[in-house]
Amino acid sequence: MGKLSLSAAEVQRIPALGGEPDVLRSLQLMPGVQSSHEASSGLLVRGGSPDQNLILLDGVPVYNASHLLGAISTFPTDAVKQVDFYKAAFPARYGERLSSVVDITLKEGNREKLSGGASIGLLASKLYLEGPIGSEKTSFFISGRRSFLDLFADPIQRLRGQADRLSYNFYDLTAKVNHRLSPRDQVFFSAYAGRDGFATLNTRSTSQGGLAAEIEQRSGLNWGNRTAVLRWTHLGKGAWFSQVMLYGTDYRFEVADRQRRSLTQANGAVDEQVFQLDYRSLLRDVALQADLQAAPSPRHTLRTGAKGTYRLFSPATFVFDREVSDSLLRDSSNSLPPTTGWEWSAYLEDDIELGQHWQLNLGLRMSGFVVREQSYVIPQPRASLRWQATPRSSFQASYSRMGQYIHLLSNTSVSLPIDLWVAATDRVPPQTGWQVAGSYGQELMQGWDFSVDGYYRRMANVISYQEGANLLLDGADPTVLSANQTWESQVVQGQGWAYGAELLLRRRQGDVTGWLSYGLAWARRQFDSLNQGVPFPYTYDRRHDLSLGLQYTWKPGLEVGLTWVFQSGRAGNIPLATYTTHPALSVDSEELYIASYGPRNSYRLRPYHRLDLSFTWRKPKWGGEQAFTLGLFNAYNRRNPFALTFRNRPGLPILYETSLFPLLPIISYQWKF
Amino acid sequence: MEILMRSILPKSLGWLACLGLLALLACERTRDIDPPPYPSLLVLDGLIEAGRPWEVYLSYSQSYYEPQETGEVANGQVWLTGSDGDTMALPYAPALSTPFNPPTLAGYQGTQPLPQPGETYQIHAQAPGLDPVSATMTMPARPRWQAASWHDSVGINEGGSWVARFQITIIDPDPNQRNYFFIYAETQGDRAASMEWQTDDPAARFRSRWTQRDTTRNYRIFQEGFFISDEWFGDTIRTLDFFLPSGRIAYLSNFYPGWSITLYSVNEPLYRYFEAFQNQQAALNHPYTEPTPVYSNIEGGLGLWGGLVKDSIAFDW
């Protein structure tokens, strides 16, 4: 219950944006899982917020798992072996987040022969290679992916003589080495690095009276993750298994603004000045983890483990540089003081079969966080019980309590890479939550299965920006940060709760496979200082969430994929009415107006729906297999609502809806050997 | 299912082209959104100063997306009840409908008994075609501040200009509850001028403009001041530093006989109203801010029912 597993092959058969199969976008099609908007690969699980999902890549947390401003996830599907997804009944070995766990295991590399593949798509091109190193004891896997939008766009913009040019690219590299020390011991090392870069370049030049001036303005946004993990596993005599893991992970983004001014005199002398302003944010974890698993009997498995994590949060640093005599000098640097903390956890989990029909999973996870001389401890009991009523049907029930020592400062209307990860502090306590869930599963004939789930969950200490808060901490003078401008003074904490029911009908065998999922959900938030303390719908309180996925093997070598999704519109705020201020606020005869929004999140955007189609031809080629995919993303060109903005006509604003993705082609070519 | 799929899907790929064409024909254009209907609400604005006549304004909310009507509320009725249970009607006062005020505001005024510090007052208002409204507020206590002193020793601030420093010491009237203040400095004389001073003290939560109408001479005075919250006091007494460019003082002293500092105690509804309004104004057209509703304590409507108590200290140059 609560667990869903996907293989890379299943993910690759789902029609994808730009022909780029995506693990997290595939999970968004499951009941109880939503995206914040159509350009986001982020997950919203059972009324939770985007920061409440633990995304593990070979056991290492990844904090911002998205490329292309959120359109696709950072994990190339070719590198993925297995995806395990939990949204309830969390085993005690998992923690650190409130809503879900996405546990992604990378391929270990082919031990027998060298193999690989390459693909070209509209969004990115990829290459991967795997094979043995020397003997069969060692294997490797390596993959790389890069977008080439900048290589095409830049020459076109230059040819058109555009003064304002845009540039965007992303890349990621994944590598894993696996060495068998003995029949019982194995060592893994895996690493990941990904980066996105978005830049605008503006050049202006003028000349007058023998003087020529040129101003070049370059603004950029870069963000990316890096992870590295070293893991040793040991299979003990009897039925013991243990592993020790050391890892590091970081996420950083940088907003840079650079201006070069040059003035050329009539006599040819050039006077040049460079100014640069950077805004940087960094989050880094280093952790040591040990796990032990024992099976005293075939019906009984015990697991225990412990972990210590050192966290560094440097949410905002401003650096101002200027160039003098060809050298860039640090003019001023100002930052919010970095926060460091120690998080520890330990767990004990007991999985036992009671007779022929009952299975019980009991666990206790204890975790703590030490920050600024403040110490938090959160006990997290877990329990799930499964009753196999008949060979083909089962009932399950579970209870989970979770704790989370980090927060994400995010705007309610759109999630961006510049959202700030911050630590729980003495002023902003950690998030906690619990969930009770029940499930009924039934296997039907010919590969069909059916399940229905229900859940209720509560969350405490969730955060939101104060009304009127500025997400860049201070808009007036970014080089000046004072004690009353920290993020802690800009947020408020409250509670949330969510409940709902989910249905999933799947077929996993036959020429036609696929699923039909439906979620009926409610998600609410309450903050004492927002909406006058009255509970209000969460931004992503979507009542209905329906998805249909079909994969059809039309004939050998030709596969058809179809996905249709429907979601109720998300909640938001727009001005509904206006009225004049008290005269104490008006100046001369100038009238000042107050915008009235009505209750928070009382406006609903239109529903979201989209149809994707793809056709994949496969046939042998050059000793391997080639696959050519052609399809349509958003096939009936639904202009789905992304955001509401205003367009001014004389004297009056007009409410205006923007959309992101129209009908887009899906084209990709892949060759594997 | 397989049979169904085989019957639906034709044998050739020609249908793919048809589907593509159909998709193109189905193109939607980005569209304007019809705003949701919003009923007009009665707006009551009362910013009551202890010891001064009652002044209350009625107006009404209008659709954000339609042309604004300019007529004022007709045939409105306003009455209030004091702590002693006595009820007093506030008659319509055409004199308050001056060119200085927005044309939609209808003014109501009363004199006896005058509002007093620490008293609780309930107000009711109604107008034809609009739902009645009501609100309750307690006037704050009179501010206690030990002294306001002008230190004529001057220093150089980070920007390199000379400044004059002022120190204001405020006594928290009730440490068990949240208390708020508004402070400003102005010149003395017939035409008072705001001194536009500065402070870095975090207790000064936000700067706000404050407009007062001089009823005797019928002109308006604009003041720039700071709202202060005692959540940053940390004790029962807080001394705040203010500063002003010296050149500004030299200029003002040529035209005005002296200056004064005015400190108001304000109650929580008034503080929250001004704070939210300030945030909403700052958030306009700013993509990185949250939507900011303006606080209202009016049941059944919108606006403010707030109170303040004034005290001033005058100084010669």
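What you see is a predicted model; the values in this text were computed from it and never measured. Just so we're on the same page: letters track the sequence lines, and every chain starts at 1.
Note on Gly572(A), Gly598(A), Ser596(A): by heavy-atom pairs under 4.5 Å with chain B, the leading option is Ser596(A).
Of the two parts of Ser59(B), only the side chain, counted from C-beta on, holds a non-hydrogen atom closer than 4.5 Å to a non-hydrogen atom of chain A. Heavy atoms closer than 4.5 Å to chain A are found in the side chain of Phe274(B), but not in its backbone. The contact between Leu47(B) and chain A is made by backbone and side chain atoms together, counting heavy-atom distances below 4.5 Å. With a 4.5 angstrom heavy-atom cutoff, Gln68(B) touches chain A only via side-chain atoms.
A ring-centre distance under 6.0 Å is not found for Tyr597(A) and Tyr64(B).
A cation-pi contact links Arg525(A) to Tyr538(A), judged by a cut-off of 6.0 Å to the six-membered ring centre and 45° from its axis.
Residues Leu505(A) and Leu444(A) are in side-chain contact: their nearest non-hydrogen atoms beyond the backbone lie under 4.5 Å apart. Counting heavy atoms from C-beta on, the side chains of Tyr180(B) and Phe227(B) never come closer than 4.5 Å. The shortest distance between side-chain heavy atoms of Tyr108(B) and Trp54(B) does not fall below 4.5 Å.
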